[in-house]
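Step one of this worksheet: look at the structure below.
The basis for the numbers below is simple: all heavy atoms, side chains too, and nothing from hydrogens, waters or symmetry mates. These numbers come from a predicted model, not from an experiment.
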Amino acid sequence: MKKKVIASILAGVLALGMLTGCGGGSASSSSDSGASSETSAEGTEGETASDSEGGANVTLIMSSRDEFLSTLEAGALSAAEEAGISLTTQDAQNDQSKLLQYVETAKNNGNDAVIINLVDADAADAAVEAAGDMKVVFVNRRPSDAGILNENVVYVGSDEMQSGGYQGEYLAKYFNDQKKTDISYLLLKGTEGLVHTEQRTESVLKGLEDGGINAQEASAPLVADYDRATAQDMITPLITTKEYDCIIANNDAMALGAIEALKAANIDPSTIPVVGIDATVDGVQAVENGELYMTVFQDADGQGYGACMAVSNMLQGKAINEGTDFELAEDNEFISWVPFEPVTADNYTDYQ
């Protein structure tokens, strides 16, 4: 089972020294006010990070709670609970101003660090400014400007050029096996302006090219903002009016939206390779069903674990990946890469 059980590893490492908590509980925000109720990892409702004993106080601030980010949150909470630390999480509801408010609240509460899943990759500098003297770990969504990273501001995530690269590699194999070198595709893109949207798109096309496939657009890319229903609505008019050989999606949710559109049009999804990224529960199930050709596992638990370890290591003056099996970026010691892994009909059981 590839979705790693990391909590016991984290507990062992945290026991070595002055190690950090990652805050004090889960939070659910009301849609109108952004107010949240918190539950500590120890189970005491309403306890804040500053109420916990020992360790550092840290808050995890997420851009939203989609399927992937909810898994990241759950993995971080599980690790914190197993390690006997507290974890406060906040949901910014895709609102950059709320995210900054939560950063300022963490600072005012005396937190030692914040872990941030950015709403706007271009606004990382504002988050760093709001954090003041706190350590900052950006997770999953990399700041647009890597120059902002330093010994107090780091990034933990996965190399998105690798994710789309796997899509391109497996599609190239599919078409090479058919002795087909010229193909057309429909592309479902995530939110414009996000680094991982552009890199996932760029790398899948490069993977196809590197595999000897001449891939052309069957239609202009559809910007479906990583949303399943939006993807289904946007692609529905095209699947019966355009000629295409495959459907490429920047994430599983959009890929599944495309599959629903195909089925609604009485088209068997197994006859057209549809590829996604993230290996969500529904995505892996679709691979098992033969409806999704492949997806790419992005290790949400690993990213949560890596972010917590980065906080711990920063506070001790260590390399941010120490105590993990993750590698630092070759050109930047302030980036810790959590590897992607391809998920296909041959290995999907490892990811269930």
Distance only, no hydrogens: is a donor on one side chain within 3.5 Å (strictly under) of an acceptor on the other, for [X] and [Y]?
X	Y	answer
Tyr166	Ser203	no
Gln232	Thr236	no
Asn313	Glu322	no
Asn214	Thr181	no
Gln298	Asn140	yes
Tyr348	Gln285	no

Exercise for review: For side chain to side chain donor-acceptor pair (under 3.5 Å), just list the numbers for Ser312 and Gln316, CA-CA rounded to whole Å, side-chain angles, deciding distance to a tenth of an Å, and then say yes or no.
Suggested key: CA-CA 7 Å; Ser312 166; Gln316 297 181 87; 3.2 Å; yes

Please round to the nearest 0.5 Å and tell me the distance separating atom [atom1] of [X] and atom [atom2] of [Y].
X	Y	atom1	atom2	value
Glu160	Asn250	CD	CG	9.0 Å
Gln167	Thr201	CD	OG1	8.5 Å
Leu205	Arg200	CG	CZ	14.0 Å
Ser219	Ile239	OG	CD1	12.5 Å
Tyr244	Ser184	OH	OG	9.5 Å

Does any non-hydrogen side-chain atom of [Y] lie less than 4.5 Å from one of [X]?
X	Y	value
Ile320	Val137	no
Ile235	Leu186	yes
Glu217	Leu187	no
Val58	Val114	no
Met294	Pro342	yes
Asp268	Ser270	yes
Gln216	Ile183	no
Tyr305	Val338	no

State whether the side chain of [X] and the backbone N or O of [Y] hold a donor-acceptor pair below 3.5 Å, judged by distance alone.
X	Y	answer
Arg141	Leu118	yes
Lys107	Ala130	yes
Asp112	Asn57	yes
Asn347	Asp350	no
Gln303	Gly157	no

**Study point:** Salt-bridge contact Asp159-Arg142 (side-chain N to carboxylate O under 4.0 Å)
**Key:** no

Exercise for review: Give a yes or no on whether a salt bridge exists between Glu260 and Lys263, defined as a side-chain N under 4.0 angstrom from a carboxylate O.
Suggested key: yes

**Study point:** Step-by-step side-chain contact (heavy atoms from CB on, under 4.5 Å) determination, Val153 to Lys135
**Key:** CA-CA 6 Å; Val153 181; Lys135 304 292 186 183; over 6 Å; no

Review point. Can you list every salt bridge (charged side-chain N to carboxylate O under 4.0 Å, His left out) pair that touches residues 176-185, not counting sequence neighbours?
Key: Lys173-Asp177, Lys180-Asp245

Exercise for review: Carefully, step by step, assess Leu262 and Ile272 under the rule side-chain contact (heavy atoms from CB on, under 4.5 Å).
Suggested key: CA-CA 9 Å; Leu262 290 169; Ile272 298 171; 4.2 Å; yes

Point to revise | From CA spacing to verdict: side-chain contact (heavy atoms from CB on, under 4.5 Å), Gln93, Arg65 | key: CA-CA 8 Å; Gln93 300 175 329; Arg65 277 195 177 88; over 6 Å; no

Exercise for review: Evaluate the side-chain contact (heavy atoms from CB on, under 4.5 Å) criterion for residues Tyr226 and Thr191: first the C-alpha distance (whole Å), next the side-chain angles of each, then the deciding distance (0.1 Å), finally the verdict.
Suggested key: CA-CA 7 Å; Tyr226 293 108; Thr191 305; 3.8 Å; yes

**Study point:** All side chain to side chain contact (heavy atoms under 4.5 Å, CB included) counterparts of Asp282, not counting sequence neighbours
**Key:** Glu67, Arg228, Leu256, Thr280

Review point. What about Tyr155 and Phe138, are their ring centers closer than 6.0 Å?
Key: no

Check your understanding: Is the Tyr174 to Tyr293 ring centre distance short of 6.0 Å?
Key -> yes

Point to revise | Working for side chain to side chain donor-acceptor pair (under 3.5 Å), residues Thr230 and Asp225 | key: CA-CA 8 Å; Thr230 302; Asp225 291 322; over 6 Å; no

